Amino acid sequence: MSKSIFQRPKGTADLLPDQTAQWQHVESVARLLFGDYNFKEVRTPIFENFDVFSRSAGDTSDVVTKEMYDFHDKGDRHVALRPEGTAGIVRAYVENKLFGPEFDKPYKVFYMGPMFRYERPQAGRFRQFHQIGVEAFGSNAPALDVEIIAMAVDFFKILGLKNLKVAINTLGDRESRDAYRQALIDYLTPHKAELSVDSQERLDKNPLRVLDSKDPRDQVFVADAPSILDYLSDEATTHWQQVKALLQALAIDFEIDTTMVRGLDYYNDTIFEIMTVDENLKGAATIAGGGRYSGLVSEFGGPETAGFGFGIGVERLINLLNAHDVAPKVNHDLDFYIVNIGIATDLVATQIVQSIRSFGYIAERDYLARSAKAQFKTADRQHAKYVVTIGEQELANHTAKIKNMTTGQQKLVKLADLYTDLPTIIDSEGDEQ
RNA sequence: GCGGUAGUGGUGAAGUGGUUAACACACUGGUUUGUGGAUCCAGCAUGCGAGGGUUCGAUCCCCUUCUACCGCCCCA
């Protein structure tokens, strides 16, 4: 009957205690593991000057042209909620001069938090979603590419995921990419009329995107399209070979997918995605994606600096964990529940519950002056291990009853003992069994 | 931005153009007045997403809108 007047904004979610426990687990695993790889956490603003994103993502990308959650603030500044993590990190890297000689290279950071994209919500797609991501600046080494991919694989493994596919590809350097782009245009243009309408447009704007098309009409041609691998420069080839060799050395299974491209324009050389092979989750199959980029730091006014990073979609990850039934079991059980009977016991009930909490136990009491039966029901529902009962009788005698809810045994203790020796009382109680 | 499906209480849901909107779960109270997972009893939607319209009358028909889910685009 009470119809709420307000609804959460489209494409957002409320995370309630059952879910936040799982989120905390995922986040703490990330902090721990990334720390092992010597990545440090950074926190940058959730909104930035609009140009930070448009500059980095490329003016033609969909993220910039139609998915930006942007607005003008009261000072008429054009700002946008961050659609991804990298741009803000790069901005901070340059603004704080983290490229300076006093900082070790590569400079390795991770972040986690909400991202925003103005688009239609659907499977695995939200307007506010969360990413856990990493960036490493200042090294071109293939070993860095591979270590970071290995870290992502490690992360999912620790969380209990199996059957993941690591897909990799290379976009080569600028020279390679330009050559390939031209080759692709030369190959596709004669067939332009036979392509899907979308791909005809892609051919003009961003030919590599045609490779990504799911339209059967396009896939016919994609199957026989030239491969980027045939257009790599010597340098790009060396990098690519080394990445593959290192992945094999670490026994990481991977698939080379030469049709894989990235949504943002700044990538070069190694790119990768980690996805589930579960057909039921195809709409949200990709849970992590990233790769090597260059030009971004200089674009923001810093020295030419290489970067490598990835982002993990937390909602998709958690969805996958639940689908594979590898979510950790959350325990909201109480250690103690304080049953208080009669208004006169209110004061001492508070003292008892506080005292129990001070020992580090999880304790709750009744605040509604409910019947003893009702209070016990609540204690039972919350799986309290022990119930402490205080009524008029006990109050007068400065005692309380402690009941072990699994054995049903109950004993009388002095309040003074309860306040000072509760752990001992519980231990000896256990010994009696 | 485009297309499809849906919207009944705290939850899962049944239902019909016409006096009191099933059932189940959950919850609250009771079942000798201070003790828990069982049984039994009782209570629990002036309301069927919101706003209009058609009609003597609409939760059920029509329109609009909002939201969710799914697909396209794109992406995590």
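Computed from a predicted model, the values in this text were never measured in an experiment. All values below were derived from every heavy atom in this structure, side-chain atoms included, with hydrogens, water molecules and symmetry-related copies excluded. Letters A, B, ... are given to chains in the order of the sequence lines, protein chains preceding strands, and every chain is numbered from 1.
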Between atom CD1 in A:Ile338 and atom C1' in B:rU35, what is the gap in whole Å? 14 Å
Taking atom C1' in both B:rU16 and B:rG34, what distance in whole Å separates the two? 50 Å
Rounded to whole Å, CG of A:Asp333 lies from P of B:rG37 at a distance of 17 Å
Could you let me know what B:rC48 is paired to, Watson-Crick or G-U wobble, both distances under 3.5 Å, or none if it's on its own? none
For atom C1', what is the distance between B:rC60 and B:rG15, given to the nearest Å? 9 Å
Closest to the A:Ala123 side chain, choosing from B:rC69, B:rA76, B:rG71: B:rG71
Roughly how many Å apart are B:rG51 and B:rU8, using the P atom of each and rounding to a whole number? 16 Å
Between B:rU35 and A:Gln410, counting only base atoms on the nucleotide and side-chain atoms on the residue, is there a donor-acceptor pair under 3.5 Å? yes
For A:Asp178, is there an ion pair with A:Arg174 - N to carboxylate O distance below 4.0 angstrom? yes
Ignoring hydrogens and angles, answer whether the base of B:rG71 and the side-chain atoms of A:Arg120 contain a donor-acceptor pair closer than 3.5 Å. no
Beyond-backbone contact of A:Tyr187 with A:Asp224, side-chain heavy atoms, under 4.5 angstrom: yes
Expressed in whole Å, how much space separates the P atoms belonging to B:rC63 and B:rU54? 15 Å
Quick one: A:Lys403 NZ to B:rG36 C1', roughly how many Å, whole number? 6 Å
Contact class for A:Gln393 vs. all strands (heavy atom < 4.0 Å): base, sugar-phosphate, or nothing? base
Does the plane of the ring in A:Phe272 sit parallel, tilted or perpendicular to the ring in A:Phe310? Use 30° and 60° as the thresholds. perpendicular
What orientation do A:His72 and A:His78 show, parallel under 30°, tilted 30 to 60°, or perpendicular over 60°? parallel
Is A:Gln122 side chain donor-acceptor paired with the B:rA76 base, going by distance under 3.5 Å alone? no
Could you check how far CD of A:Glu119 sits from P of B:rG3, rounded to whole Å? 18 Å
Euclidean distance for P, B:rC73 against B:rG3 (whole angstrom): 16 Å
Nucleotide opposite B:rU54 in a Watson-Crick or G-U pair, distances under 3.5 Å: none
Start at the 5' end of RNA chain B and walk down; is the nucleotide closest to A:Arg202 or to A:Ile390 reached first? A:Ile390
In whole Å, measure the gap between the P atoms of B:rG36 and B:rC27 for me. 16 Å
Which residue, A:Glu394 or A:Pro9, contacts RNA chain B at a nucleotide closer to its 5' end, judged by nearest heavy atom? A:Glu394
What I want to find out is whether A:Asp333 reaches A:Lys385 closely enough, with some N-O distance under 4.0 Å, to be called a salt bridge. no
So what does A:Gly133 hit on the nucleic acid, given a heavy-atom distance under 4.0 Å: a base, only sugar-phosphate, or nothing? nothing
From CD of A:Glu392 over to P of B:rU35, roughly how many Å is that when rounded to an integer? 14 Å
Answer whether the closest heavy-atom distance between the side chains of A:Leu229 and A:Trp240 falls below 4.5 Å. yes
Base of B:rC74 paired with side chain of A:Arg125 (donor-acceptor, under 3.5 Å): yes
Which of B:rA68, B:rC74, B:rA76 is nearest the side chain of A:Glu67? It is B:rC74
Any A:Lys10 side-chain nitrogen or oxygen under 4.0 Å from OP1 or OP2 of B:rA68: yes
For B:rA68, does either OP1 or OP2 sit under 4.0 Å from a side-chain N or O belonging to A:Arg8? no
Touch check for A:Ala374, heavy atoms < 4.0 angstrom, all strands: base, sugar-phosphate only, or nothing? sugar-phosphate
Can you tell me how far P of B:rC70 sits from CG of A:Asn319, to the nearest Å? 9 Å
Per atom distances to the A:Ile341 side chain, the nearest of B:rC75, B:rG34, B:rU67 is B:rG34
Go through B:rA76, B:rG34, B:rU28 for me and flag the one nearest to the A:Arg316 side chain. B:rA76
Using a 4.0 Å heavy-atom cut-off, does A:Glu273 contact any base of the nucleic acid, only the sugar-phosphate backbone, or nothing at all? nothing
Could you let me know what B:rC2 is paired to, Watson-Crick or G-U wobble, both distances under 3.5 Å, or none if it's on its own? B:rG71
Take atom C1' in B:rA13 and the same atom in B:rG7, then report the distance between them in whole Å. 13 Å
Within the 4.0 Å heavy-atom criterion, would you say A:Gly290 contacts the bases, only the backbone, or no part of the nucleic acid? nothing
Length of the line joining A:Arg209:CZ and B:rC73:P, which is rounded to integer Å: 11 Å
With no angle test and no hydrogens, is the base of B:rU31 tied to the side chain of A:Lys373 by a donor-acceptor pair under 3.5 Å? yes
Taking 4.0 angstrom as the limit, do A:Glu48 and A:Arg82 come out as a salt bridge? no
Which nucleotide, in any strand shown, forms a Watson-Crick or G-U wobble pair with B:rG10, with both distances under 3.5 Å? B:rC25
Can you see if the side chain of A:Arg370 gets near the phosphate of B:rC27 - specifically, an N or O under 4.0 Å from OP1 or OP2? no
What integer distance in Å separates A:Asn340:CG from B:rU35:C1'? 13 Å
For A:Glu364, is there an ion pair with A:Arg357 - N to carboxylate O distance below 4.0 angstrom? yes
Which value, in whole Å, describes the distance between the C1' atoms of nucleotides B:rU11 and B:rA26? 7 Å
